[in-house]
There are 2 protein chains.
Amino acid sequence: MPTLAFKLNDHLYLRDPQHTQLGQKIIHSSVLLIDRLGFEQFTFKKLAEEIDSTEASIYRYFENKHRLLVYLIAWYWNWMEYRMEIFTSAVVDPNEKLKTCLRVLAEEKKYDPTFEFVNEEALHRIVIAELDKTYLTKGVDDHNKEGLFGGFKSVCAKIVSLVKEINPNYLFAESLVSTVLITANQQLFFASHLPSLTSLEPNENRYNRLYSFLENVVFCSINADNKYA
Amino acid sequence: MPTLAFKLNDHLYLRDPQHTQLGQKIIHSSVLLIDRLGFEQFTFKKLAEEIDSTEASIYRYFENKHRLLVYLIAWYWNWMEYRMEIFTSAVVDPNEKLKTCLRVLAEEKKYDPTFEFVNEEALHRIVIAELDKTYLTKGVDDHNKEGLFGGFKSVCAKIVSLVKEINPNYLFAESLVSTVLITANQQLFFASHLPSLTSLEPNENRYNRLYSFLENVVFCSINADNKYA
DNA sequence: ACAAATATAATAGTATTACTATCATTAATC
DNA sequence: GATTAATGATAGTAATACTATTATATTTGT
């Protein structure tokens with residue numbers, strides 16, 4: 001099976017890194033390096049040393065390190081959507097489809113050999129720790145116009161359509177879904193670093209607990225037959 | 001009525017800014033400047049120019065700009081807790097208390113003359129745009145040990161205790177509350193910048209809609225008498 | 001009122017970052 | 001085999017996030 005590649009928004013990069021060796025090394029190593037150092041401490045210089053290349057060469061692929069981060073996180077959401085498609089394609093009941101999406105969202109991430117040069121485990125830690133930094137900038141509006149957040153928005157829209165299929169009268173579909181997508185990662189961060197803010201345990205069972213929490217929040221809200229519905 | 005001051009964690013500052021004129025100018029102007037420039041573009045040098053002082057002087061109050069941000073946001077959560085106390089003190093029913101807390105959380109923020117040198121409207125915009133940056137760092141664990149996040153954790157704990165009073169069997173109190181505290185601000189950000197991710201409108205009614213959303217999520221989850229409870 | 005202590009200002013300096021520019025070299029392609 | 005394009009090597013710049021030193025106010029205790 002050939003290595004697949006996602007078609008990501010043009011504005012994310014200057015030169016498409018998926019199609020060259022250097023580009024793939026940039027993706028591969030930046031995931032590991034950002035995971036290790038954190039985005040603040042990560043620099044193109046350090047990355048260049050890591051892959052035996054130069055700062056200048058990396059700048060030919062990405063305008064700056066922020067765009068690279070946005071690229072990686074867009075890649076992650078494309079991957080999420082791709083997995084959601086795979087696992088829901090055979091399912092008909094929208095309730096079950098929605099549950100499947102939440103499972104994919106909450107599950108522990110493992111290396112996916114379909115995409116050779118991306119370590120999804122490390123990438124997931126990056127998403128947990130850095131996702132918010134992609135849009136919490138003074139440039140959001142411009143970046144949004146360029147379509148840089150398309151991956152996340154697409155996953156959100158997909159799940160929103162399931163919610164509306166299940167309950168067309170539910171008033172807060174978009175808010176509920178964006179909340180759940182973000183809190184899924186946030187709660188894992190809390191489990192590791194601020195345990196008093198979460199009901200998840202720090203052990204391996206947390207992924208199941210996380211799923212239960214998300215399922216609870218989502219289905220209680222959209223199925224509620226009380227005055228809060 | 002005298003200007004009140006919050007007792008914030010010692011580790012947030014080197015010299016307590018609430019007790020000196022320069023310190024108060026630092027707080028006052030940093031709120032306005034971070035709001036205007038965003039945290040990334042904000043520097044102590046620019047702040048020094050703004051208040052006709054020097055970088056070196058500001059460094060005697062705060063170790064670095066990150067601590068100043070954490071300080072301001074801790075101040076915000078202290079203020080939130082203070083307001084929640086005020087408005088819930090006369091209420092007995094825990095359901096009503098919880099609703100009141102959510103109202104305080106979701107309401108539009110206006111200048112509170114009790115605290116002369118803090119512009120709460122601008123500070124709220126900072127919380128919306130920068131909150132996550134306070135803990136999404138490689139230093140979280142150390143900062144947490146120092147107690148830098150006490151303000152947020154305290155508000156969270158207070159609301160968790162209400163949730164548990166209402167339904168002692170609910171399994172996800174901490175996760176639900178931290179999710180709600182964070183999403184309240186996040187949804188307002190989306191309403192301004194990424195409207196496809198939220199069910200709030202960008203107009204002034206969004207604060208009421210936000211409250212409805214939060215009430216819906218919280219009460220559906222904790223009162224659900226279905227299999228998801 | 002005066003000395004001592006402390007806070008602030010003024011100024012300078014440093015390592016690092018986030019780039020940009022130039023030119024040489026290697027590799028791919030036509 | 002020549003042309004084009006990608007990469008590497010190197011240098012340079014403005015800004016940032018500090019630290020250090022000394023001078024000057026301002027406050028405080030006696």
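The chains referred to below are lettered A, B, ... by the order of the sequence lines, with proteins before strands, and numbering in each begins at 1. Fair warning: this is a prediction, and the values are worked out from it, not measured in the lab.
The nearest whole Å value for the distance from the CD atom in B/E55 to the C1' atom in D/dA15 is 11 Å. Atom CG in B/N64 sits roughly 16 Å away from atom C1' in C/dT17 (whole-Å rounding). To the nearest angstrom, P of C/dT17 lies 12 Å from CZ of A/F42. Per the geometry, CZ belonging to A/F62 stands 14 Å off P belonging to C/dC19, to the nearest Å. Separating the CG atom of B/L37 from the C1' atom of D/dT16 is a distance of 14 Å, rounded to the nearest angstrom. With rounding to whole Å, A/Q41 atom CD is found 12 Å from C/dT16 atom P. Atom pair B/L22:CG and D/dT27:C1' shows a separation of 15 Å (rounding to whole Å applied).
Of the two residues contacting DNA chain D, namely A/G23 and B/K46, the nearest-nucleotide position lying further toward the 5' end is that of A/G23.
Set against C/dT8, D/dA17, D/dA6, the side chain of B/T20 has C/dT8 as its closest nucleotide. Distance from the side chain of A/T43 is smallest for C/dA18 among the nucleotides C/dA10, D/dT16, C/dA18. Listed candidates were C/dA7, D/dA17, D/dA9. Nearest to the side chain of A/A56 is D/dA9.
Judged purely by distance below 3.5 Å, without hydrogens or angles, the side chains of B/T179 and A/Q187 pair a donor atom with an acceptor atom.
For A/K65 and A/F39, the positive end sits near the middle of the six-membered ring, less than 6.0 Å away and at most 45° from its axis. Cation-pi contact between B/R15 and B/Y61: present, with separation from the ring centre below 6.0 Å and deviation from the ring axis of at most 45°. Taking the ring centre of B/F62 as origin, the terminal cationic atom of B/R67 falls outside the region bounded by 6.0 Å and 45° from the ring axis.
Look at B/S53 and you'll find a side-chain N or O under 4.0 angstrom from OP1 or OP2 of C/dA9. Proximity of B/K45 to the phosphate of D/dA17: no side-chain N or O atom is located under 4.0 Å from OP1 or OP2. Between B/S57 and the phosphate of C/dA9, there is a side-chain N or O to OP1/OP2 separation shorter than 4.0 Å. Phosphate contact (OP1/OP2 of C/dT8, side-chain N/O of B/Y61, threshold under 4.0 Å): present. Within the 4.0 Å cut-off from OP1 or OP2 of D/dA5, not a single side-chain nitrogen or oxygen of A/R60 is found.
The residue from A/Y76, A/W77, A/F87, A/F115 that alone fulfils the ring-ring contact (aromatic ring centres under 6.0 Å, His included) condition with A/Y82 is A/F115.
Within the nucleic acid shown, B/Y59 comes within 4.0 Å of at least one base atom, counting heavy atoms only.
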